[in-house]
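Given the structure is predicted, the values throughout are model-derived calculations rather than measurements. Sequence lines set the chain letters: A, B, ... in the order given, protein chains first and strands last, and positions in each chain run from 1.
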2 protein chains.
Amino acid sequence: MNKRQIKDLLYEEVARIGKAVSSPKRLELLELLAQSEKTVDALAAEAGIDIKLASAHLKVLKAARLVVAQRDGRFIAYRLSGEDVSALWVKLRTVAEEHLVELKVAMDGIFSAPEKLDAETRRSLMSKARRGDVVVIDVRPTAEYASGHLPFARSMPLDEIRQRIKELPADKDIVAYCRGPFCMMSAEAVTLLQEHGYRAQKIADGTAEWQAAGLPLTTS
Amino acid sequence: MNKRQIKDLLYEEVARIGKAVSSPKRLELLELLAQSEKTVDALAAEAGIDIKLASAHLKVLKAARLVVAQRDGRFIAYRLSGEDVSALWVKLRTVAEEHLVELKVAMDGIFSAPEKLDAETRRSLMSKARRGDVVVIDVRPTAEYASGHLPFARSMPLDEIRQRIKELPADKDIVAYCRGPFCMMSAEAVTLLQEHGYRAQKIADGTAEWQAAGLPLTTS
DNA sequence: CGAATATTCCAACGAATATTAGAATATTGC
DNA sequence: GCAATATTCTAATATTCGTTGGAATATTCG
């Protein structure tokens with residue numbers, strides 16, 4: 001084997017990862033799995049695709065070793081094969097946000113731009129949350145919250161906010177987050193809260209972004 | 001536009017980046033461009049492909065905004081559109097190295113495994129280099145060295161080592177680096193130096209890895 | 001065991017992609 | 001303006017990929 005053949009082989013292997021992340025649906029599946037492990041039909045339902053198609057995409061992700069499957073009774077649960085996979089998704093999205101004008105305008109135009117956080121903002125958010133000056137709410141489904149959430153955040157799933165809104169203090173700032181910058185749940189939560197007179201805002205970070213920034217999550 | 005359509009659009013955009021990095025040749029081109037800007041025929045020659053094909057791949061990378069082209073007289077120089085692109089390449093390769101068994105065995109088997117560095121090792125290498133306890137040599141072509149190199153490293157291109165070997169101190173440890181873990185130049189340099197009685201070793205880092213680890217480069 | 005559920009496998013189609021060859025374009029230097 | 005050089009564009013082909021429908025597999029529950 002000469003140098004050229006060796007190199008071809010090495011880049012070929014890395015391209016397997018590239019190919020795995022070259023499909024929009026697979027990226028969506030990865031982002032969903034970055035929240036918590038999920039079954040095939042849960043993934044299919046959330047991504048709005050047929051179960052067979054979801055299964056096919058998951059097979060590709062599995063072949064690239066980005067996800068692992070585990071049978072649990074009648075269901076098969078998929079999960080990311082490591083934190084680094086989640087970090088790769090964040091990196092891809094960040095590069096896209098940075099360079100693709102089309103994505104920038106899409107995100108600006110469609111829903112109110114989520115607050116991008118820098119290291120300092122993240123730090124100050126945490127100290128305010130620790131002191132109780134702000135209430136950080138995680139509006140994702142409870143299973144995702146349980147799988148890992150921002151420190152000091154309390155679970156308040158989007159579809160329970162209406163009923164449970166009185167649990168929130170009316171005199172404090174409320175900060176909502178969900179699955180990340182592409183997720184619209186926190187925006188809906190903020191609208192809902194503001195309609196009820198709360199001071200609410202959202203942040204762009206989800207747990208994947210938080211972790212990719214080198215900050216710890218809490219698992220309950 | 002409903003939520004599903006918006007999401008489809010967003011993931012579609014990110015997948016443009018994914019598609020761009022789904023080809024082995026494009027990854028190789030990205031790694032080459034992470035060293036320094038280069039012309040189309042230089043890239044084609046280094047990657048071992050036809051100029052037309054290189055041009056086609058570069059067009060794809062350009063459409064994904066990962067590279068930018070600038071005409072310089074008769075030549076057109078391509079360069080990465082940002083540091084984050086280089087970081088994306090490193091991330092992809094790292095994920096591949098971590099999860100793909102095939103890549104692990106390929107790297108172990110073919111040439112002696114390069115030393116993976118952790119934060120502590122990098123720090124100690126720099127302080128030894130600063131004190132002059134080790135001599136760090138950059139064995140890439142001079143243009144790449146000029147475009148950015150490790151602090152305290154001196155340029156000693158692979159194909160000049162034979163002639164210039166006496167410039168190196170025989171009583172000190174020599175540490176060679178090149179374009180990264182896939183590049184074989186530092187391994188060749190080490191073999192050459194050891195044959196001449198030098199205490200030489202290589203590290204896996206190139207400038208992209210160094211930078212991705214959050215450490216600064218020097219430009220001359 | 002047999003029905004129900006969850007998931008995967010297989011086959012097939014059209015769409016997108018990589019690669020190659022040949023023509024066309026843009027710039028430089030005479 | 002013309003020849004030389006560097007690069008891109010166009011067209012053509014083989015291959016791969018995404019998606020869908022129907023059949024097959026594995027597990028649980030009665």
query: Given pairs defined as Watson-Crick or G-U wobble with both distances under 3.5 Å, what dot-bracket annotation applies to DNA chain D, with ( ) intrastrand, [ ] crossing, | other strand and . unpaired?
result: ||||||||||||||||||||||||||||||
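- Note that CG of B/L193 is 13.0 Å distant from NZ of B/K202, once rounded to the nearest 0.5 Å.
- For A/E102, the side chain to side chain contact (heavy atoms under 4.5 Å, CB included) test picks out A/L100, B/E13, B/R16, B/R65, with sequence neighbours left out.
- The distance from atom SG of B/C183 to atom NZ of A/K7, rounded to the nearest 0.5 Å, is 5.5 Å.
- In this structure, A/V68 and A/K62 have side chains that are not in contact, with every pair of non-hydrogen atoms separated by 4.5 Å or more.
- A heavy-atom distance below 4.0 Å to DNA chain C is reached by these residues of residues 58-80 of chain B, ordered by number: B/R71, B/G73, B/R74.
- Counting heavy atoms from C-beta outward, A/V135 and A/F152 have side chains that stay 4.5 Å or more apart.
- Protein chain A contacts DNA chain D from D/dC17 to D/dT28, reading 5' to 3' and using non-hydrogen atoms of the protein with a distance under 4.0 Å.
- Looking at A/R140 and A/P157, their side chains never come closer than 4.5 Å, going by heavy atoms from C-beta outward.
- Counting only heavy atoms from C-beta outward, the side chains of A/R154 and A/H149 never approach each other to under 4.5 Å.
- Once rounded to the nearest 0.5 Å, the distance linking CD1 of A/I49 with NZ of A/K52 reads 12.5 Å.
- Within the 4.0 Å cut-off from OP1 or OP2 of C/dT7, not a single side-chain nitrogen or oxygen of A/S55 is found.
- Atoms CD and CH2, from B/E209 and B/W89 in turn, are 8.0 Å apart once rounded to the nearest 0.5 Å.
- Contacts between residues 37-53 of chain B and DNA chain D, counted as heavy-atom distances below 4.0 Å, involve B/T39, B/V40, B/D41, B/K52.
- Here CZ of A/R122 is found 6.5 Å from CH2 of A/W210. Values are rounded to the nearest 0.5 Å.
- B/K38 approaches B/E46 most closely through the heavy-atom pair NZ-OE2, 3.9 Å.
- A heavy atom lying under 4.0 Å from DNA chain D marks none of the residues of residues 12-25 of chain B.
- Around the CD atom of B/Q5, the shell of radius 6.0 Å holds more than 12 heavy atoms that belong to other residues, nucleotides or ligands.
- Nearest approach of A/S55 to A/V40, heavy atoms of both residues: N-CG1, 4.2 Å.
- Separation of atoms CG (A/L33) and OH (A/Y78) is listed at 9.5 Å; rounding is to 0.5 Å.
- Under the 4.5 Å side-chain criterion, counting only non-hydrogen atoms from C-beta, A/E98 is not in contact with A/R93.
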